[in-house]
Amino acid sequence: MNKIVEEVNKMSIEEQETKLREIYPEFFEKKEEKHEEKKGLPPLPKAEKGKVVTRFAPNPDGAFHLGNARAAILSHEYARMYDGKFILRFDDTDPKVKRPEPIFYEWIIEDLKWLGFKIDEIHYASDRLEIYYKYAEELIKMGKAYVCTCKPEEFRKLRDAGKPCPHRDEPVEIQLERWEKMLDGTYKEGEAVVRIKTDLNHPNPAVRDWPALRIIDNPDHPRTGDKYRVWPLYNFASAIDDYDLGVTHIFRGQEHAENETRQRYIYNYFGWEYPVTVHHGRLSIEGVILSKSKTRKGIREGKYLGWDDPRLGTIRALKRRGILPEAIRELIISVGLKRSDTTISWDNLAAINRKLIDPVANRYFFVADPIPMYIKGFEEEFTAKVPLHPDHPERGYRELKFTPEKPVYVSKDDLELLKKSEYIRLKDLFNVKLLEVSEGKIVAEFDSIEYEKAREQRWHMIHWVPEGKECEVIIPEGDELTVKKGLLEKDADVKVDDIVQFERFGFVRIDAIENGVVKAIFAHK
RNA sequence: GCCCCGGUGGUGUAGCCCGGUCAAACAUGCGGGCCUUUCGAGCCCGCGCCCCGGGUUCAAAUCCCGGCCGGGGCACCA
């Protein structure tokens, strides 16, 4: 068995394939078929082509991150899969505790577009207050909702005991009167709340007569200012909106599972059909902070540079790190609809991203922590021509010129390798014999020019640069940010936003070019 | 404490609904090799998983019960 494996390994790939086609032709057909069938999302229950409406409903109180992206991408993906409609709805109904900020409305739209979304409709819950009022009033008239003026603690006590509060069963006229007082400002913040009637013996006390609308005295809402004082709570706004906007399928985190039981009461009272819901688990990347409050805190304390700090898991941060939107999409689709939480490793994301980036990223030499290498015995100028991409020579070449008497620079990262080697090949240049190796300088002697010799002798190969421009690579590692300073080949044609590979170093995205200094952010190996 | 929901290699997912074809698949990771002027890509080989205990059954990753572990919810937040 081992012998056969050895033999096969000795053949070239073409030989292997030809042989295989000879003895086992079906293999090739089958392989292709199998590749097709996998991947992609499972079919959606009760989904009809052209009739699926999904929505993503973020609160614009922070930047969009990978965790939110799961619900967003699934929603969008299914909308497209069934030729349906995807709605973006800003759930900006809390001007107090989770205050929306104007910038995040813009960023969320921007990030969604960057991810390749086609947004069919955009709605703002804060524009829809009158709609909520209308339905609230209807529910009150139907006797399915009431205005409660209990102190929160008192209500909680009754609720936990499964008992009705004194306002619950008062006649509709009185409820409507109080509702009016909520709207006209007679009641102040904290004095009254509209509650939806539920089963008072519901096993989960938190579901019993849950609050639907509350008063906020000086909302100073970023979009509506102080125009409205009565604001719906999440469950009410969401339930009404999903119905009113015709949403058929909802994707949200499992932390919302309990909310569904609350919202269903409204649907039942009105006789509406509840959308199909998919509750997925939480998605995170190992070691990356997604929490909005932690991020905000870190920014305030100066720990993070901003919402796009490369250590963070916001979509903007991922973008800055050179992660492609398509990679994020693929990742989320591959994780799928599972209900359990998922913590993916960077390797998983990096592997997807690398497949996308590798064919397009141009190659350059970047020498981190340069050490000069003086080379004796080669007295002419010599220009190394290196392809911008090894698999695509048609894209052109870069030229690195060796000049006698002038050192070339190699990276301190290769110091150990140099110390234990007698000979080394400078990639695309020539082979040298190492005479002296230290952290401060390296002295070498020209040996030969042929690549073949280095290969036969199994000499190691390192990258180098004759002269270069200053370059800094920011490397996010967990919660740390380290900077590698070095030299990038002088004529490297890089622009901000380019994703390139620094050979033997890794893929980076060019983040800025300031005063001739190239600043890059490390993506992955 | 109460109420939900989960648990398949190091990581992520498929299989579970409808028990056998699953001594378990795919990707990533790791080890080895081939190829290659990158420690990149590609190719080949290998490593490694059904949380535990009972039960039902001719047969259980799949069904049932119990346990353990993990996550979430229990706001006049979303």
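Chain letters run A, B, ... following the sequence lines, proteins first and then strands; every chain starts at 1.
Residues satisfying the side chain to side chain contact (heavy atoms under 4.5 Å, CB included) test with A:Pro222, not counting sequence neighbours, are A:Arg99, A:Pro100, A:Pro102, A:Tyr105. Applying the salt bridge (charged side-chain N to carboxylate O under 4.0 Å, His left out) rule to A:Lys157 yields no partners; only residues at least two apart in sequence or on another chain are considered. Residues forming a salt bridge (charged side-chain N to carboxylate O under 4.0 Å, His left out) with A:Lys385 (at least two apart in sequence, or on another chain): none. The salt bridge (charged side-chain N to carboxylate O under 4.0 Å, His left out) check on A:Arg168 picks up A:Asp209, with sequence neighbours excluded.
Using a 4.0 Å heavy-atom criterion, one finds that A:Thr261 contacts no nucleic acid atom at all. Residue A:Pro359 is classed as having no contact, given no heavy-atom separation below 4.0 Å to the nucleic acid. Nucleic acid contact class of A:Ser238 (heavy atoms, under 4.0 Å, all strands): none. Residue contacts shown for A:Asp91 are limited to sugar-phosphate atoms, with no base heavy atom under 4.0 Å away. A:Asp413 comes within 4.0 angstrom of nothing in the nucleic acid, heavy atoms only. Across all strands, A:Asn59 comes closer than 4.0 Å only to sugar-phosphate atoms, never to a base (heavy-atom distances). Heavy atoms of A:Asp61 sit nowhere under 4.0 angstrom from any nucleic acid atom. A:Pro205 comes within 4.0 angstrom of nothing in the nucleic acid, heavy atoms only. Residue contacts for A:Gly190: at a heavy-atom cut-off of 4.0 Å it reaches a base atom on one of the strands shown. The residue A:Lys355 sits close only to the backbone: its heavy atoms come under 4.0 Å of sugar-phosphate atoms, none of a base.
Closest contact between the side chain of A:Pro203 and the listed nucleotides B:A27, B:C3, B:G6 involves B:C3. Closest approach to the A:Tyr451 side chain among B:U37, B:C5, B:A41 is made by B:U37 (side chain taken as heavy atoms from C-beta onward). Out of B:C5, B:U38, B:G12, the shortest distance to the side chain of A:Arg504 is found at B:U38. Comparing B:A78, B:U28, B:C3 against the side chain of A:Tyr234 picks out B:A78 as the nearest. Residue A:Lys427 places its side chain closer to B:U38 than to any other of B:U38, B:A78, B:G29. Which of B:C3, B:C76, B:U37 sits closest to the side chain of A:Arg425 comes down to B:U37. In the set B:U8, B:A78, B:C74, the nucleotide with an atom closest to the side chain of A:His256 is B:A78. Here B:G73 is the nucleotide among B:U28, B:G73, B:C76 with the atom lying nearest to any side-chain atom of A:Glu258. Checking B:U38, B:U28, B:G40 against every side-chain atom of A:Phe507, the shortest atom distance belongs to B:G40. Comparing atom distances between the A:Glu255 side chain and each of B:U28, B:G72, B:G40 picks out B:G72 as nearest.
Remark: the separation of the C1' atoms in B:U28 and B:C65 is 37 Å, to the nearest Å. The separation of B:C5 from B:C63, taken at their P atoms, amounts to 15 Å, rounded to a whole angstrom. Nucleotides B:A41 and B:A78 place their C1' atoms 44 Å apart, quoted to the nearest Å. Comparing the same atom, P, in B:A23 and in B:C49 gives a spacing of 15 Å after rounding to whole Å. Here the separation of B:C51 from B:U8, taken at their C1' atoms, is 10 Å to the nearest Å. Taking atom C1' in both B:U11 and B:G55, one finds a spacing of 34 Å when rounded to whole Å. The separation of B:A14 from B:C26, taken at their P atoms, amounts to 16 Å, rounded to a whole angstrom. Comparing the same atom, P, in B:G71 and in B:G46 gives a spacing of 37 Å after rounding to whole Å.
Taking only distance into account, the side chain of A:Asp391 meets the base of B:G40 through a donor-acceptor pair shorter than 3.5 Å. If you check distances only, the side chain of A:Glu286 never reaches the base of B:U11 with a donor-acceptor pair under 3.5 Å. Within 3.5 Å, no donor on the side chain of A:Asp160 pairs with an acceptor on the base of B:C2, nor the reverse.
Using bins of under 30°, 30° to 60° and over 60° for the plane-to-plane angle, the ring pair A:Phe104/A:Trp107 lands in the perpendicular bin. Ring pair A:Phe446/A:Phe430 is perpendicular by interplanar angle, where above 60° counts as perpendicular and below 30° as parallel. Below 30°, between 30° and 60°, or above 60°: for A:Phe507 and A:His524 the angle between ring planes is between 30° and 60°, a tilted geometry. Ring planes of A:Trp179 and A:Tyr133: perpendicular class, angle over 60° (limits at 30 and 60°). Between A:Phe366 and A:Phe505, the ring-plane angle classifies as perpendicular under the 30° and 60° cut-offs.
As rounded to whole Å, 14 Å separates atom P of B:G72 from atom CZ of A:Arg70. Atom P of nucleotide B:G73 and atom CZ of A:Arg252 are separated by 14 Å, given to the nearest angstrom. The CG atom of A:Leu356 sits 18 Å away from the P atom of B:G40 (whole-angstrom rounding). Atoms NE2 (A:His460) and P (B:U36) sit 18 Å apart, rounded to a whole Å. Here the C1' atom of nucleotide B:C4 and the CD atom of A:Glu260 are 12 Å apart, to the nearest Å.
Cation-pi geometry between A:Arg398 and A:Phe365 is met: under 6.0 angstrom from the ring centre, within 45 degrees of the axis. Figure legend: cation-pi geometry between A:Arg195 and A:Phe155, with NZ or CZ positioned under 6.0 Å from the six-membered ring centre and within 45° of its axis.
Phosphate contact (OP1/OP2 of B:U28, side-chain N/O of A:Ser345, threshold under 4.0 Å): absent. Taking side-chain N and O atoms only, A:Arg214 has a distance below 4.0 Å to OP1 or OP2 of B:A78. Side-chain nitrogen and oxygen atoms of A:Arg455 include at least one within less than 4.0 Å of the OP1 or OP2 phosphate oxygen of B:U36. At least one side-chain nitrogen or oxygen of A:Arg354 sits closer than 4.0 Å to the OP1 or OP2 atom of B:G29.
A pairwise comparison of heavy atoms in A:Leu356 and A:Ala327 identifies CD1-N, 3.5 Å as the closest pair.
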- If pairs are Watson-Crick or G-U with both distances under 3.5 Å, what is the dot-bracket string of RNA chain B, marking crossing pairs with [ ] and pairs to another strand with |? (((((((..((((......[....))))((((((.......))))))...(((((..]....))))))))))))....
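In terms of position along RNA chain B, the nucleotide closest to A:Ile462 lies nearer the 5' end than the nucleotide closest to the other residue of the pair A:Ile462 and A:Thr93. Along RNA chain B, the nucleotide closest to A:Asp358 and the one closest to A:His202 are compared, and the more 5′ of them pairs with A:His202.
In summary, of the residues considered (A:His280, A:Arg282, A:Arg70), a side chain to side chain contact (heavy atoms under 4.5 Å, CB included) with A:Thr342 occurs for A:Arg70 alone.
Summarising the local packing, NE2 of A:His460 is surrounded by 12 or fewer heavy atoms from other residues, nucleotides or ligands at distances under 6.0 Å.
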- Item | Annotated protein contacts, base or backbone, on nucleotides 64-70 of chain B with a non-hydrogen cut-off under 4.0 Å, one of B, S, - each | -------
